[in-house]
Amino acid sequence: PNLPPQLRPRFEELAPMLEQMGTLREPDAGALGRFLLLEWEYSATVPQVVAAITGGDLDAVERWTTVQDKLHRQIDKLARQFGLTAEIRKKNGWILPR
């Protein structure tokens with residue numbers, strides 16, 4: 001997929017592992033790209049939350065944690081789809097490659 005260059009290493013880390021687990025096929029590459037973008041967006045919110053908390057700006061804390069919650073729900077949904085949670089791997093008997 002057409003990812004920002006900084007996300008390419010993460011894609012190259014996950015794609016072979018997911019292919020070996022059988023949860024990634026070529027048509028799923030776009031969904032993996034969305035997963036990586038969501039992770040990246042979530043990480044960008046962390047400094048915003050910290051700054052809002054440190055600054056005592058409760059409105060900003062609420063805004064940013066709401067954004068984080070929405071991103072987290074989307075990340076979790078895709079993580080489950082790809083078998084990236086221990087719960088799903090255990091349920092399906094998937095073993096992560098070493």
Side-chain angles (χ1 to χ4, degrees):
N2 189 12
L3 291 172
Q6 62 269 37
L7 300 182
R8 181 55 74 180
R10 180 82 167 129
F11 182 87
E12 291 172 1
E13 170 193 354
L14 287 178
M17 179 180 63
L18 297 176
E19 286 174 346
Q20 191 171 357
M21 287 172 48
T23 59
L24 178 67
R25 300 287 185 249
E26 190 170 330
D28 305 316
L32 179 56
R34 284 190 303 280
F35 174 79
L36 298 174
L37 286 169
L38 289 164
E39 278 189 331
W40 184 45
E41 290 171 5
Y42 185 92
S43 68
T45 67
V46 173
Q48 302 298 329
V49 172
V50 170
I53 291 170
T54 302
D57 186 345
L58 298 181
D59 290 334
V61 170
E62 184 175 347
R63 281 193 312 275
W64 283 110
T65 55
T66 298
V67 170
Q68 281 185 323
D69 182 57
K70 288 178 183 180
L71 290 168
H72 183 266
R73 281 187 267 129
Q74 293 174 53
I75 290 167
D76 188 55
K77 181 179 178 182
L78 286 170
R80 290 171 175 278
Q81 175 182 326
F82 285 117
L84 290 173
T85 67
E87 172 191 9
I88 295 299
R89 287 192 308 274
K90 182 177 178 182
K91 177 181 173 185
N92 292 301
W94 293 332
I95 298 171
L96 288 177
R98 294 203 184 266

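Along the sequence shown, the residues carry numbers beginning at 1.
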Any salt bridge (Lys or Arg N to Asp or Glu O under 4.0 Å) involving [range]? Give me the pairs, sequence neighbours left out, ordered by first then second residue.
| range | answer |
| --- | --- |
| residues 30-41 | R10-E39 |
| residues 63-84 | D69-R73, D76-R80, R80-E87 |
| residues 45-56 | none |
| residues 42-57 | none |

Distance in Å, [X] [atom1] paired with [Y] [atom2], rounded so as to fall on 0.5 Å steps:
| X | Y | atom1 | atom2 | value |
| --- | --- | --- | --- | --- |
| L7 | E12 | CG | CD | 11.5 Å |
| F35 | L24 | CZ | CG | 12.0 Å |
| L18 | T23 | CG | OG1 | 4.0 Å |

If you count every heavy atom of other residues, nucleotides or ligands that lies below 6.0 Å from E62 atom CD, does the total exceed 12?
no
Taking atom CD as the centre, does E26 end up with more than 12 heavy-atom neighbours from other residues, nucleotides or ligands that are less than 6.0 angstrom away?
no
Quick check: closest heavy atoms across [X] and [Y], and the distance to 0.1 Å?
| X | Y | value |
| --- | --- | --- |
| F82 | D28 | CZ-O, 3.8 Å |
| M21 | G83 | CE-O, 3.4 Å |
| L32 | F11 | CD2-CE1, 3.4 Å |

Could you work out, with side-chain contact (heavy atoms from CB on, under 4.5 Å) as the rule, every residue matching Q6, not counting sequence neighbours?
P4, W40
Just so I know, are the side chains of L84 and L14 near enough to count as touching, which here means a heavy-atom distance under 4.5 Å?
yes
Identify each donor-acceptor pair in which a side-chain atom of residues 45-54 lies under 3.5 Å from a protein atom, sequence neighbours left out, and give them as a table.
unit_1 : atom_1 : unit_2 : atom_2 : d
T45    : OG1    : Y42    : O      : 2.6
T45    : OG1    : Q68    : NE2    : 3.1
T54    : OG1    : V50    : O      : 2.8

